[in-house]
Structure formats: structure tokens, C-alpha cells
Amino acid sequence: MSQRVHIAVLPGDGIGPEVVQSALRVMRVVGDRDGFEVETGEHAFGGAAIDLTGEPFPASTKEACLNADAILLGAIGGPKWDGLDASRRPETGLLALRKALGAFANLRPVTVPDALAHLSVLPPDWVAGTDLLVVRELTGGIYFGEPRELGADEAFDTMRYSRLEIERIARVAFEQARQRSRRVTSVDKANVLASSKLWRSTVTKLHRSEYSDIALDHLYVDNAAMQIVRDPQAFDVILTANLFGDILSDLASTLAGSLGVLPSSSLGGATPLFEPVHGSAPDIAGRDEANPVAAILSAAMLLEELGFGSSAQSMRRAVDHVLAAGSLTRDLAPHGVSTSTFTDAVCTALEEASASSTLS
Ligand code: NAD
């Protein structure tokens with residue numbers, strides 16, 4: 001083994017540990033084949049960390065994350081911790097992790113493999129071939145803006161963006177578009193919100209000065225929600241703020257038939273972070289039922305980011321191969337296969353693909 005990747009693994013809660021385990025198994029198979037070693041350290045995070053240490057993001061976990069090549073996170077949260085006050089909830093740990101890393105760019109690719117098009121809530125020919133990327137600003141906007149206050153009869157939050165925050169996330173979207181179909185749709189609410197007016201003028205200016213090779217258009221967020229459902233294939237890169245991106249990426253996730261197949265990365269900070277879009281799914285936790293595709297594809301994004309592009313591509317091909325062969329977990333098929341059976345099939349597909357390329 002000539003190379004080694006060091007991953008801080010945060011399994012979290014509910015189905016988090018199950019899907020992370022699947023992703024690591026697949027990554028190790030591809031690592032053995034392609035000559036790199038996957039070295040992992042597991043760290044408490046979310047509800048599991050609250051049980052262990054009293055807080056969702058312990059200092060030791062933070063230190064491990066800052067010292068790793070990348071972070072693979074499962075999911076956090078669950079009813080057990082819902083009654084805690086806001087400062088000690090698992091979700092607070094997630095916001096603190098993102099802030100500690102400074103990971104300001106959240107990338108959420110939404111693709112609909114042919115094998116899943118018939119499972120979408122929309123007609124198959126509307127969604128087949130969908131391949132869009134939501135680039136969401138992650139460390140600013142209304143989720144972090146001050147002042148904020150919760151009073152007995154009145155409450156408020158602040159949606160605040162600086163020109164520099166908008167420029168750096170727009171740059172990520174334009175750079176991603178250069179590797180894809182060279183189209184960016186910037187989503188805002190510039191007809192109403194001051195922060196959106198600055199968003200639109202900043203994106204337009206940056207486009208003119210540095211990215212005129214990319215086709216740019218702008219949509220108001222309400223119209224964007226409608227267009228994503230009406231014509232998902234029309235989109236390439238969707239660039240948007242924290243709040244709008246949170247909502248639009250969940251909306252876009254319905255195109256693929258299940259939350260269980262959508263990966264994400266959070267970039268731009270001290271260490272890149274990779275995690276499925278879905279939550280901890282307490283309703284199916286511990287039953288070997290979870291769909292591990294989102295976690296496996298998150299691990300593929302991780303390898304791509306660390307420079308193992310062809311290994312990442314092999315992982316994606318193996319997942320597509322298994323889905324196309326009709327092996328679907330129970331979120332996608334009533335009598336579907338278990339998490340471990342699906343993972344076995346992906347590992348086998350990888351091994352068979354490498355055996356056949358050795359023979360040829
Ligand atoms: P969820 O994503 O956990 O589950 C929504 C529905 O999708 C459930 O029916 C679940 O069974 C199903 N589902 C999700 N992932 C699946 C998978 N991989 N395979 C099969 N089915 C899957 O969202 P929720 O129910 O709103 O939240 C549950 C908990 O997760 C809450 O505590 C919430 O705060 C937390 N949460 C965490 C994250 C995160 O860790 N990033 C994100 C969203 C929600």
C-alpha cells in the first residue's frame with residue numbers, strides 16, 4: 001500500500017452507524033484493489049456523545065476532525081434527546097461541527113439512476129436522467145445571523161450575508177459548473193429581501209468578471225421550487241443560500257424516490273465533511289433495513305475530493321450495477337433486501353469488475 005487516507009468517522013445515532021459501516025466496507029474493498037489504505041478513527045458525536053460525555057460535540061471529537069484528511073458522518077438525533085434544551089441537543093452538535101470546520105459550501109448532487117426513475121413521485125420520463133447539483137451556503141444566513149430572540153409573544157431571526165460570503169460560495173458553484181454542463185441557476189428572493197438583493201448583484205458581478213463562459217440565470221425561490229418539480233432535467237448547478245438550500249435540496253431529493261440514496265459534502269473548511277442527506281431514521285434503526293446508498297456515495301465523494309477519482313467512479317458504477325440488477329432496500333421495494341445484503345452485492349460487484357478488467 002503506497003497511500004493512506006485517514007478518516008475521522010462519526011457514526012452518530014439511529015441508522016448512522018449501520019450505513020457508515022457499509023460505506024467503510026465498500027471503501028476498503030476499493031482501497032485494497034486500488035492500492036490505498038483506509039485508516040479510520042471512530043469518535044462520539046450527536047446523541048451518542050451526549051450519552052457518553054454530556055455534550056453533542058466533545059472537544060476530543062473536534063480535535064480528531066481537525067486532524068483527519070476527511071470526515072465521514074452517519075446521522076444524528078432521535079426522540080431520546082428531543083426533550084433536552086437547545087444547547088445540548090444533537091442538532092446543535094452538527095451546527096457546531098460545521099462552524100468549527102468553517103465548511104461553508106454544501107454540495108448535494110441529485111441524480112436519478114434509470115433503475116430508480118419509476119420509483120419517483122413524478123412520472124419516470126420527467127425525472128429519468130436528472131443530474132443536478134445543489135450548492136448551498138452553509139455557515140451564514142438566517143441559521144447563524146444575529147441578533148435573534150425568542151420572547152413570549154414575539155420572536156425574530158436575522159438573515160445576513162456579506163459580499164465576501166456570497167462571492168466565495170458563488171465561486172464554488174461556478175467552478176463546479178465548469179466540470180459539468182456549465183450552467184448555474186442562482187436562487188434568491190431578491191424581489192423582497194435585502195440580503196437577496198446583495199446576493200443577486202454579487203453573483204451577477206462575479207459572473208461578468210470571472211465566469212462569463214458559464215450560463216447564469218436567476219430564479220426566485222418560490223418559482224425555483226416549482227421548476228425543480230416541473231422540469232428537473234433543466235437544471236445543472238443550483239446556487240443558493242443556507243435556508244433556501246435546506247428546503248430545495250430536500251425537495252429535489254424526492255425526485256430520486258428515497259432520501260436514502262442522496263449523498264453530500266461540505267467543503268471549504270479545515271477538513272472536508274461527507275454525510276448522507278438523510279437523518280437518523282429512528283423508525284428503522286437497528287433492523288438492518290436502512291438504505292446505505294447515500295453513505296456509500298458520500299464515501300465516493302470523499303475519495304474523489306482526496307484525489308482518488310477513478311476509485312470513486314468504480315464505487316458509483318458498482319452501486320448503479322446493483323440497483324440496475326433489481327437489488328433494492330425496503331425504502332424502495334416492499335420486499336427489498338437488507339442493508340448487509342445490499343452492501344455485500346456492491347462489494348461483489350466491485351470485486352467482479354476488477355477481476356474482469358484483470359482478465360481483459
Ligand atoms: P429522516 O431522514 O431520519 O427520516 C425520514 C424518513 O425517511 C423516515 O421514514 C426514514 O425511515 C426514511 N429514511 C431516511 N433515511 C433512510 C435510509 N437511509 N434508508 C431507508 N429509509 C430512510 O428524517 P426525520 O424522521 O425527520 O428525522 C429523524 C431524526 O434525524 C431527527 O432527530 C432529526 O433531527 C435527525 N436528522 C438528522 C440529520 C443529520 O444528521 N444530518 C438530518 C435530518 C434529520
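The first residue of the sequence shown is numbered 1, and numbering continues consecutively from there.
- Proximity of Ile238 to Ile228: side-chain heavy atoms (C-beta onward) are separated by under 4.5 Å at one or more points.
- Listed for the Ser265 side chain is no donor-acceptor partner under 3.5 Å among the backbone atoms of Leu267.
- In this view, Lys62 satisfies the salt bridge (Lys or Arg N to Asp or Glu O under 4.0 Å) rule with no residue, not counting sequence neighbours.
- Under the 4.5 Å side-chain heavy-atom criterion for ILVMFWY residues, a single connected hydrophobic cluster contains both Leu323 and Val29.
- Summarising the geometry of Val277 relative to Pro263, their closest heavy-atom pair is CG2-O, 3.6 Å, with the distance given to 0.1 Å.
- How far NE2 of His6 is from CD of Glu39: 5.5 Å, rounded to the nearest 0.5 Å.
- Between the side chains of Ser280 and Asp13, not a single donor N or O lies within less than 3.5 Å of an accepting N or O.
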Practice problem: Tell me, with the steps shown, if Val346 and Met315 meet side-chain contact (heavy atoms from CB on, under 4.5 Å). | Solution: CA-CA 8 Å; Val346 174; Met315 284 172 72; over 6 Å; no

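- You'll find the side chain of Leu138 stays beyond 4.5 Å of the side chain of Phe144, heavy atoms only.
- Follow the hydrophobic side-chain contacts under 4.5 Å out from Val19 and you never reach Leu116; the two are in separate clusters.
- Taking Asp188 as the reference, Arg200 meet the salt bridge (Lys or Arg N to Asp or Glu O under 4.0 Å) condition, with sequence neighbours excluded.
- Here CZ of Arg88 is found 9.5 Å from CD of Glu55. Values are rounded to the nearest 0.5 Å.
- Panel note: side chain Asp236, backbone Ser181; a donor-acceptor pair is recorded below 3.5 Å.
- A search for side chain to side chain donor-acceptor pair (under 3.5 Å) contacts involving Asp34 returns Ser311, not counting sequence neighbours.
- Atom OG1 of Thr254 sits about 9.0 Å away from atom CG of Leu259, to the nearest 0.5 Å.
- When side chains are defined from C-beta on, His207 does not count as touching Val184, because their heavy atoms never get closer than 4.5 Å.
- Contact between Ala103 and Thr139 at its shortest, heavy atoms only, is O-CG2, 3.4 Å.
- The neighbour count for Asp114 CG, taken as heavy atoms of other residues, nucleotides or ligands under 6.0 Å away, does not exceed 12.
- Around atom CD of Glu146, more than 12 heavy atoms belonging to other residues, nucleotides or ligands sit under 6.0 Å away.
- Lys205 is linked by a salt bridge (Lys or Arg N to Asp or Glu O under 4.0 Å) to nothing, counting only residues two or more places apart in sequence or in another chain.
- Using a cut-off of 4.0 Å between Lys/Arg side-chain N and Asp/Glu carboxylate O, Arg108 and Asp250 are scored as salt-bridged.
- In this structure a side-chain-to-backbone donor-acceptor pair under 3.5 Å is missing from Thr339 to Asn291.
- Within the 4.5 Å cutoff, the side chain of Ser186 has no heavy atoms near those of the Thr240 side chain.
- A salt bridge links Asp131 with Arg180: the distance from a Lys NZ or Arg NE/NH1/NH2 to an Asp or Glu carboxylate oxygen falls below 4.0 Å.
- Among Val9, Leu72, Val5, the one residue that satisfies the side chain to side chain contact (heavy atoms under 4.5 Å, CB included) test with Thr40 is Val9.
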Quiz prompt | Test side-chain contact (heavy atoms from CB on, under 4.5 Å) applied to Thr130 and Leu132, step by step | solution = CA-CA 6 Å; Thr130 294; Leu132 60 84; 4.1 Å; yes

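- Crowding of Arg28 atom CZ: a count of heavy atoms from other residues, nucleotides or ligands under 6.0 Å exceeding 12.
- Within the 4.5 Å cutoff, the side chain of Leu97 has heavy atoms near those of the Leu10 side chain.
- Minimum interatomic distance between Ala49 and Pro56 (heavy atoms only, all atoms of both residues): CB-O, 3.6 Å.
- In this structure, the side chains of Arg171 and Tyr211 come closer than 4.5 Å at one or more pairs of heavy atoms.
- Pairs passing the ring pair (Phe, Tyr, Trp, His ring centres under 6.0 Å) check and including a residue from residues 53-80, sequence neighbours excluded, read Phe45-Phe57.
- When side chains are defined from C-beta on, Ser314 counts as touching Leu350, because their heavy atoms get closer than 4.5 Å.
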Quiz item: Going through the distances and angles, do Phe36 and Val30 end up as a side-chain contact (heavy atoms from CB on, under 4.5 Å)?
Solution: CA-CA 8 Å; Phe36 61 88; Val30 86; 3.9 Å; yes

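- Hydrophobic clustering keeps Leu73 apart from Leu262 (ILVMFWY residues linked when any side-chain heavy atoms are closer than 4.5 Å, directly or through intermediates).
- Scored by the salt bridge (Lys or Arg N to Asp or Glu O under 4.0 Å) test, Asp85 finds no partners at all (sequence neighbours excluded).
- No more than 12 heavy atoms of other residues, nucleotides or ligands shown are found within 6.0 angstrom of CZ on Arg163.
- Side-chain atoms of Leu255 and Trp126, non-hydrogen and from C-beta on, never get closer than 4.5 Å to each other.
- No single ILVMFWY cluster, assembled from side-chain heavy atoms under 4.5 Å apart, contains both Val192 and Tyr220.
- For Arg230, the CZ atom is loosely surrounded, since the number of other residues' heavy atoms within 6.0 Å does not exceed 12.
- For the side chain to side chain contact (heavy atoms under 4.5 Å, CB included) criterion with His218, the lone passing option out of Leu239, Val187, Thr204 is Thr204.
- The shortest heavy-atom contact between Ala64 and Ala8 is O-CB, 4.0 Å.
- Listed for the Glu18 side chain is a donor-acceptor partner under 3.5 Å among the backbone atoms of Gly286.
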Exercise. List the steps and the verdict of side-chain contact (heavy atoms from CB on, under 4.5 Å) for Val261 and Leu297.
Key: CA-CA 8 Å; Val261 298; Leu297 296 181; 5.5 Å; no

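- Heavy atoms from other residues, nucleotides or ligands lying under 6.0 Å from CD of Glu167 number more than 12.
- The cluster map of Ile, Leu, Val, Met, Phe, Trp and Tyr, joined by side-chain heavy atoms under 4.5 Å apart, puts Val237 and Val203 in the same cluster.
- The closest donor-acceptor contact from the side chain of Ser209 to the backbone of Leu206 lies under 3.5 Å.
- Panel note: side chain Thr158, backbone Pro147; a donor-acceptor pair is recorded below 3.5 Å.
- Ion pairing of Asp217 with Arg183 is absent here, as no side-chain N (NZ or NE/NH1/NH2) approaches a carboxylate O to less than 4.0 Å.
- A donor-acceptor pair under 3.5 Å is absent between the side-chain atoms of Glu91 and the main chain of Ala86, judged by distance alone.
- Nearest heavy atoms, Gly12 versus Ile76: CA-CG2, 4.2 Å.
- Note that CD1 of Ile284 and CD1 of Ile15 are 5.0 Å apart. Values are rounded to the nearest 0.5 Å.
- To the nearest 0.5 Å, atoms CD1 (Ile7) and SG (Cys65) are separated by 12.0 Å.
- From Ser195, atom OG reaches atom CD of Glu165 across 10.5 Å, with rounding to the nearest 0.5 Å.
- Leu248 approaches Ala224 most closely through the heavy-atom pair CD1-CB, 4.2 Å.
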